[in-house]
Amino acid sequence: MAEAKRLGKHTGGRPVLGYDVVDRKLAVNPAEAKLVQRVFERFVKLGSPARLAKELNDEGYRTKLWTNRKGERCGGSVWTKAQIYRVLSNRKYVGEVEHRGQVYPGEHEAIVSRKLWEDTRRILAENRTDRANGTRAKTKALLKGILHCGSCGRSMGPTFTTQRGKRYRYYRCLTASKESHADCPVRSVPAGAIEDAVQQQLRAVFRTPELVAITCRETKAKEQTERERLDRRKGEIESRIWNLSQTLDRLAAAGDSNEAITGRIRDLGRQIDEANGELERITSELEVLRAQTVSEAEVMAALERLDPVWDELFPGEQARIVRLLVSRVEVMPDRAEIRIRGDGLRSLASELAEADPGGEVEEVGAR
């Protein structure tokens with residue numbers, strides 16, 4: 001895959017507006033190419049993906065329509081802000097291909113000029129800065145609750161200092177805060193730097209099918225082990241309920257009404273109620289586990305669609321996704337370790353699939 005990308009080849013995947021695949025190569029679709037050029041040119045004039053999406057929809061334009069391998073028609077949906085961002089962020093339109101952060105000349109023909117591409121990047125960057133400045137201050141610290149000191153294991157909480165009227169955000173180790181900075185080799189880290197590092201590592205995972213596949217497989221194995229444990233426990237509880245019920249029936253049939261027998265019957269009823277409650281909880285957990293049928297391919301496809309629009313998500317939505325995907329971040333003096341939630345990857349893929357059954361990422365939290 002890396003070698004094919006380096007050579008600028010098309011390596012499959014979701015059909016791209018503006019191109020058809022002919023003999024495994026991207027060939028310009030003239031009608032769609034005009035729509036792509038219109039998207040870029042109008043965005044440079046309007047500066048607003050929301051206004052552009054409304055304009056395209058009002059004029060009857062729709063996203064790319066194609067037929068998948070199963071013969072099902074996909075796409076052809078109304079435009080959203082997120083879909084506008086996907087077009088504006090796709091380097092294929094300037095004749096390039098991207099792989100794991102590296103950009104290579106593509107063997108296909110460009111649709112938009114380099115100047116139009118650069119003008120678009122500039123406006124996107126300006127929009128991102130302006131809106132982030134207006135919303136990040138209202139969003140709680142991105143890594144609050146999941147950032148820990150790698151030396152003592154304690155949480156690192158958000159704090160700030162103000163110098164010459166400018167505010168600087170940090171995460172500080174609680175040991176350093178409550179005891180002595182000299183006792184902690186980590187002490188504190190700039191909030192912006194560690195938050196950016198975590199987000200960049202997440203996006204690196206989005207772009208690395210091997211890591212996603214390994215994570216999915218490990219998660220699937222853990223889920224299988226958990227299902228087997230729950231199945232065994234369910235059987236044990238059902239057996240216990242049956243035995244308790246048999247004992248209760250015998251006591252009730254005997255017809256004795258002395259205080260000891262009455263108390264025993266009450267106790268058996270209480271035990272049965274408790275066992276039924278646990279059985280209901282386990283049955284619910286099993287249903288959730290069995291419902292998680294998202295495949296590795298679906299997870300990778302969802303993350304691939306999310307990556308180009310990540311910078312355009314509201315800070316609050318970015319924070320929600322980070323907490324969904326990251327279980328813990330440990331900071332050492334020379335590095336940080338990030339633990340990814342495998343079940344979070346699959347949950348996010350399911351969420352995106354439900355939000356967009358046609359295959360496009362909807363504007364969940366997108367600016």
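Note that the structure is a prediction, hence the values are computed from the model and not measured.
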From CA spacing to verdict: salt bridge (Lys or Arg N to Asp or Glu O under 4.0 Å), R229, E226 | CA-CA 5 Å; R229 184 190 72 80; E226 180 65 5; 2.8 Å; yes
Once you round to the nearest 0.5 Å, how far does [atom1] of [X] lie from [atom2] of [Y]?
| X | Y | atom1 | atom2 | result |
| --- | --- | --- | --- | --- |
| D196 | Q201 | CG | CD | 12.0 Å |
| S89 | I84 | OG | CD1 | 11.0 Å |
| D58 | K54 | CG | NZ | 4.0 Å |
| L17 | I111 | CG | CD1 | 7.5 Å |
| L268 | N243 | CG | CG | 11.0 Å |
| R227 | L286 | CZ | CG | 8.5 Å |

Ignoring hydrogens and geometry beyond distance, is a side-chain donor-acceptor pair present between [X] and [Y] at under 3.5 Å?
| X | Y | answer |
| --- | --- | --- |
| Y171 | E195 | yes |
| R86 | Q83 | no |
| N276 | E280 | no |

Could you state whether [X] and [Y] fall into the same hydrophobic cluster, counting links through intermediate Ile, Leu, Val, Met, Phe, Trp or Tyr residues with side-chain heavy atoms under 4.5 angstrom apart?
| X | Y | result |
| --- | --- | --- |
| M332 | I338 | no |
| L56 | L46 | yes |
| Y170 | V198 | no |
| W242 | I272 | no |
| V28 | V22 | no |

Check: [Y] and [X] side chains under 4.5 Å, non-hydrogen atoms:
| X | Y | value |
| --- | --- | --- |
| V97 | R91 | no |
| M156 | V186 | yes |
| R270 | R266 | no |
| R38 | Y61 | yes |
| K234 | T283 | yes |
| K115 | D119 | yes |
| V78 | R62 | yes |
| E41 | T120 | no |

Between [X] and [Y], which heavy-atom pair has the shortest distance, and what is it?
| X | Y | value |
| --- | --- | --- |
| S155 | H148 | OG-CE1, 3.6 Å |
| V16 | K92 | CG2-CD, 4.0 Å |
| V39 | L52 | O-CD2, 3.4 Å |
| G95 | A110 | N-CB, 3.6 Å |
| C74 | L65 | O-CD1, 3.1 Å |
| V103 | E96 | CG1-OE1, 3.3 Å |

Would you call E337-R335 a salt bridge at under 4.0 Å N-O?
-> yes
State whether R51 and E55 are salt-bridged, where the test is any N-O pair (Lys NZ or Arg NE/NH1/NH2 against Asp/Glu carboxylate O) under 4.0 Å.
-> no
Donor-acceptor contact below 3.5 Å, side chain [X] vs main chain [Y]:
| X | Y | value |
| --- | --- | --- |
| Q318 | W310 | yes |
| N90 | Y93 | no |
| E330 | G150 | no |
| R323 | L142 | yes |
| N57 | W79 | yes |

Verdict with reasoning, W117 to L88, per side-chain contact (heavy atoms from CB on, under 4.5 Å) | CA-CA 8 Å; W117 172 264; L88 298 177; over 6 Å; no
Would T80 and T63 satisfy side-chain contact (heavy atoms from CB on, under 4.5 Å), going step by step from the backbone distance to the final call?
-> CA-CA 9 Å; T80 67; T63 61; over 6 Å; no
Contacts of K34 that satisfy side-chain hydrogen bond (donor to acceptor under 3.5 Å, both in side chains) - sequence neighbours left out = none
Taking atom CD of E109 as the centre, does the number of heavy atoms from other residues, nucleotides or ligands within less than 6.0 Å exceed 12?
-> no
Answer yes or no: are there more than 12 heavy-atom neighbours, outside R73 itself, under 6.0 Å from its atom CZ?
-> no
Is the Lys NZ or Arg CZ of R169 less than 6.0 Å from the centre of F160's six-membered ring, within 45° of the axis?
-> no
All salt bridge (charged side-chain N to carboxylate O under 4.0 Å, His left out) counterparts of E228, not counting sequence neighbours = none
When you look at D267 and Q271, which way does the side chain to side chain donor-acceptor pair (under 3.5 Å) test go after all the steps?
-> CA-CA 6 Å; D267 183 57; Q271 292 183 56; 2.7 Å; yes
Residue pairs fulfilling salt bridge (charged side-chain N to carboxylate O under 4.0 Å, His left out) with at least one residue in residues 235-251, sequence neighbours excluded = R233-E236
side-chain contact (heavy atoms from CB on, under 4.5 Å) evaluation trace for T161 with Y168 = CA-CA 5 Å; T161 60; Y168 297 88; 3.9 Å; yes
Steps toward side-chain contact (heavy atoms from CB on, under 4.5 Å) verdict (H108, K25) = CA-CA 7 Å; H108 61 281; K25 296 182 179 180; over 6 Å; no
